[in-house]
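Presented below is the structure to which this report refers.
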Amino acid sequence: MTCKTCGNPERKIWPPVSQVPKFKGLGSENWMLLVECPECGNFWAGVPYEPYASFVYYVTWDKSIEQWKLEIGQKDGSNLHAWHKKQLLMYKNTLTDNDMESIQHHRERNYGRDPYTEA
């Protein structure tokens, strides 16, 4: 059954839209966040993007909190950041029209840059 709060398991990405659920924070390190849906308990890994690290893109995290802590601590989190970027690209086709509008807004605020246009 689909979670009414975060959309798990159908939703794989939460771009910086106004309707992002009020996730419970579990950790923050090396420019990445780990949060939890208060309804279903699904974990989400988020990366803040400029300007001002105010545009957070979340992707579903299907491993444990301990695994996230282990991986984010290795190589300044670079492997986990690469994984996050791959998830964004892999599930791009699942984004709604509202999601795409929000990404476009981010792009306009950031001089044409967002996780989908950065190399």
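Positions are given from 1 along the sequence. Only this structure's heavy atoms are used, side chains among them; waters, hydrogens and symmetry mates stay out.
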Quick one: does any side-chain atom of Asn8 pair with a main-chain N or O of Cys3 as donor and acceptor, under 3.5 Å?
no

Identify the two heavy atoms, one from Gln87 and one from Ile13, that lie closest to each other, and give their separation to 0.1 Å.
O-CD1, 4.2 Å

How about Trp44 and Phe23: are their ring centroids closer than 6.0 Å?
yes

Measure the spacing between CG of Leu26 and CD of Glu36 and express it to the nearest 0.5 Å.
5.0 Å

Without swapping roles, check the side chain of His106 against the backbone of Glu50 for a donor-acceptor pair under 3.5 Å.
yes

Tell me whether Trp31 shares a hydrophobic cluster with Leu70, the cluster being built from Ile, Leu, Val, Met, Phe, Trp, Tyr side chains joined at under 4.5 Å.
no

Can you confirm whether Asp97 is buried at CG, in the sense that more than 12 heavy atoms of other residues, nucleotides or ligands lie under 6.0 Å from that atom?
no

Is a donor on one side and an acceptor on the other found under 3.5 Å between the side chain of Lys75 and the backbone of Ile72?
no

Are the side chains of Val56 and Pro16 in contact, using a 4.5 Å heavy-atom criterion?
no

Which heavy atom of Gly46 sits nearest a heavy atom of Tyr58, and at what distance?
CA-CD2, 3.5 Å

Hey, could you give me the CH2/CE distance between Trp83 and Met90, rounded to the nearest 0.5 Å?
8.5 Å

Phe55 versus Asn110: any side-chain heavy-atom pair under 4.5 Å?
no

Please confirm whether the backbone N or O of Pro21 pairs with a side-chain atom of Trp14, one donor and one acceptor, at under 3.5 Å?
no

Is there a path of hydrophobic side-chain contacts, each under 4.5 Å between heavy atoms of I, L, V, M, F, W or Y residues, that connects Val20 with Met100?
no

Tell me, do Tyr116 and Ile103 make a side-chain contact under 4.5 Å, heavy atoms counted?
yes

Counting C-beta onward and ignoring hydrogens, is there a side-chain heavy-atom pair between Leu80 and Trp68 closer than 4.5 Å?
yes

At what distance, to the nearest 0.5 angstrom, does NZ of Lys86 lie from CG of Leu88?
12.5 Å

Please check if the side chain of His84 supplies one atom and the backbone of Tyr57 the other of a donor-acceptor pair under 3.5 Å.
yes

Membership question, hydrophobic clusters at under 4.5 Å side-chain separation (ILVMFWY): are Leu33 and Tyr49 in the same one?
no

Report the distance from atom SG of Cys6 to atom NZ of Lys22, rounding to the nearest 0.5 Å.
15.0 Å

Taking only residues two or more places apart in sequence, or in another chain, which ones meet Lys63 in a side-chain hydrogen bond (donor to acceptor under 3.5 Å, both in side chains)?
Glu71

Rounded to the nearest 0.5 Å, what separates atom CG in Leu34 from atom CD in Glu29?
11.0 Å

Could you pull out all residues at least two apart from Arg11 that satisfy salt bridge (Lys or Arg N to Asp or Glu O under 4.0 Å)?
Asp99

Could you check whether any side-chain N or O of Glu39 sits under 3.5 Å from a backbone N or O of Thr5, counting only pairs where one atom can act as donor and the other as acceptor?
yes

Residue pair Val35 / Gly25: nearest heavy atoms and the distance that separates them
CG1-CA, 4.0 Å

Would the number of heavy atoms belonging to other residues, nucleotides or ligands and lying under 6.0 Å from CG of Asp76 be above 12?
no

